[in-house]
Q: 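Attaching a single structure in structure tokens format; questions to follow.
In this chain, numbering begins with 1 at the start of the sequence shown. Just so you know, ligand 1 is whichever comes first in the structure, and atom 1 is the first atom listed for that ligand.
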Amino acid sequence: MISLLGAAEIREIAGRIGVLPTKKLGQNFVVDPNTCRRIVKSADVQSEDVALEIGPGLGSLTLALMEVAKKVIAIEIDDRLALELPVTAERHGFDPKNLEVINRDALQVNEIAGDPTVLVANLPYNVSVPVLLNILEKFPSIRSGVVMVQSEVADRLVASPGTKSYGSPSVKATWWADLNSAGTVARSIFWPIPNVDSSLVRFVRHEPAGSEELRKITFSLIDAAFAQRRKMLRGALSEILGAGASDLLTTVGVNPTLRGEALLLEDYLRIARSLQSK
Ligand code: SAM
């Protein structure tokens, strides 16, 4: 089997190309090949898959993906890392034709040729939620995936209504996918060692809950409800729903004295549909 990247090689490459990991770009590199293979396995990547990776860094997970997938498309913001990645892949015996590196900010990428089918990424922590939501929105060809995020963010992504972790990412993500926890990852497998815990989140896409127009209305309701989390819905949504907020909520079967954290996506959807039909 072709060997993956280990701790010594990771430091060697970083030193050679002048990369000193920065917090700003969430640069904590995985130095343990077993963890990379575990992530790829947990994403159930198959030989016909085109894998999308956000933030490949020095290539730890990229090479593990190349062992299995037909092709890997990797979006990396750091020029030096993006430039070195095909070199590393080739040195490890992989065909660089099966790797496409896009040297850009993942939040700015709206189109990718080649229809990726699976997302597998150790996401940059500071932008993990917007990156994930952007990908679910922009790339419907992605059917499933596994992302590594800060444990606190993982809790939020899979949270149920009424819990402390439940927030706008929890509701929004369910527009596109079912999400669940796929385990934790030890801090010791990173270089540098982060001061937060990391966890894996698995998702499987389902049919979107409605049209793009309905999504925008629904998301504006979710944003308003969680922007003023402690307010009752009749107050938090009054700017959008107007003077008749309480009546409208009651009509669609939502108690106006509840807070946003008590509602499921389907509840927000009923409110949005009633606005759409006005
Ligand atoms: N996948 C590698 C690994 O597991 O070792 C690196 C993961 S590291 C947590 C995050 C990576 O995302 C870094 O390589 C960083 O340069 C890159 N990155 C940060 N912000 C980004 C953005 N907005 N778009 C694309 N890549 C980004």
Side-chain angles (χ1 to χ4, degrees), residues 4-14 17-43 45 51-67 69 72-89 92 99-112 116 118-135 138-139 145-154 182 184-201:
L4 302 187
L5 287 176
E9 194 182 355
I10 283 179
R11 281 165 211 256
E12 183 276 313
I13 304 172
I17 65 174
V19 166
L20 207 59
T22 68
K23 265 210 168 131
K24 191 171 150 239
L25 291 178
Q27 290 175 332
N28 296 93
F29 303 112
V30 177
V31 296
D32 175 42
N34 289 334
T35 301
C36 294
R37 288 202 177 106
R38 173 186 154 207
I39 295 171
V40 173
K41 193 153 186 262
S42 132
V45 178
L52 176 65
E53 185 186 4
I54 307 300
L58 292 155
S60 311
L61 194 51
T62 320
L63 299 193
L65 282 167
M66 291 187 83
E67 279 190 328
V72 178
I73 302 173
I75 306 179
E76 172 59 59
I77 200 168
D78 187 318
D79 308 9
R80 298 158 303 175
L81 296 172
L83 207 63
E84 188 65 15
L85 193 57
V87 180
T88 304
H92 277 256
L99 171 67
E100 181 187 342
V101 183
I102 302 174
N103 184 195
R104 290 187 58 193
D105 178 345
L107 286 169
Q108 308 291 330
V109 178
N110 295 316
E111 266 176 58
I112 300 176
V118 62
L119 172 70
V120 185
N122 171 12
L123 291 174
Y125 287 179
N126 39 351
V127 287
S128 55
V129 168
V131 165
L132 178 62
L133 294 180
N134 183 51
I135 284 170
K138 304 279 169 52
F139 306 113
V146 168
V147 290
M148 172 144 61
V149 293
Q150 198 176 323
S151 295
E152 204 182 297
V153 173
T184 55
V185 178
R187 291 184 192 195
S188 56
I189 59 100
F190 294 98
W191 171 70
I193 294 180
N195 48 16
V196 291
D197 290 320
S198 301
S199 296
L200 301 173
V201 173

Q: Out of Leu58, Leu5, Leu81, Ile17, which residue meets the side-chain contact (heavy atoms from CB on, under 4.5 Å) rule with Thr88?
A: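 Answer to the side-chain contact (heavy atoms from CB on, under 4.5 Å) test with Thr88 among Leu58, Leu5, Leu81, Ile17: Leu5.
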Q: Rounded to the nearest 0.5 Å, what separates atom OG1 in Thr62 from atom CG in Leu99?
A: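 It comes to 7.0 Å.
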Q: Once you restrict both partners to nitrogen or oxygen, which atoms of ligand 1 have a protein partner under 3.5 Å, and how far apart are they?
A:
| unit_1 | atom_1 | unit_2 | atom_2 | d |
| --- | --- | --- | --- | --- |
| ligand 1 | 1 (N) | Glu53 | OE2 | 3.3 |
| ligand 1 | 1 (N) | Gly55 | O | 2.8 |
| ligand 1 | 1 (N) | Pro56 | O | 3.4 |
| ligand 1 | 4 (O) | Asn122 | ND2 | 2.8 |
| ligand 1 | 5 (O) | Val30 | N | 2.8 |
| ligand 1 | 14 (O) | Gly57 | N | 3.4 |
| ligand 1 | 14 (O) | Glu76 | OE1 | 2.8 |
| ligand 1 | 16 (O) | Gln27 | NE2 | 3.0 |
| ligand 1 | 16 (O) | Glu76 | OE2 | 2.6 |
| ligand 1 | 23 (N) | Asp105 | OD1 | 2.9 |
| ligand 1 | 24 (N) | Ala106 | N | 2.9 |
| ligand 1 | 26 (N) | Ile77 | N | 3.3 |

Q: Under the salt bridge (charged side-chain N to carboxylate O under 4.0 Å, His left out) test, which residues partner Arg11, sequence neighbours left out?
A: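 Not a single residue meets the salt bridge (charged side-chain N to carboxylate O under 4.0 Å, His left out) criterion with Arg11.
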Q: Can you name the residues that form a side chain to side chain donor-acceptor pair (under 3.5 Å) with Arg104, not counting sequence neighbours?
A: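 Side chain to side chain donor-acceptor pair (under 3.5 Å) check on Arg104 returns nothing, list empty.
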Q: Name every donor-acceptor pair, under 3.5 Å, that has one atom in a side chain of residues 122-129 and the other anywhere in the protein, sequence neighbours excluded.
A:
| unit_1 | atom_1 | unit_2 | atom_2 | d |
| --- | --- | --- | --- | --- |
| Tyr125 | OH | Ser198 | OG | 2.5 |
| Asn126 | ND2 | Lys24 | O | 2.5 |
| Ser128 | OG | Tyr125 | O | 3.3 |

Q: In this structure, which one of Leu65, Val109, Ile75 forms a side-chain contact (heavy atoms from CB on, under 4.5 Å) with Leu52?
A: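 Answer after filtering Leu65, Val109, Ile75: Ile75.
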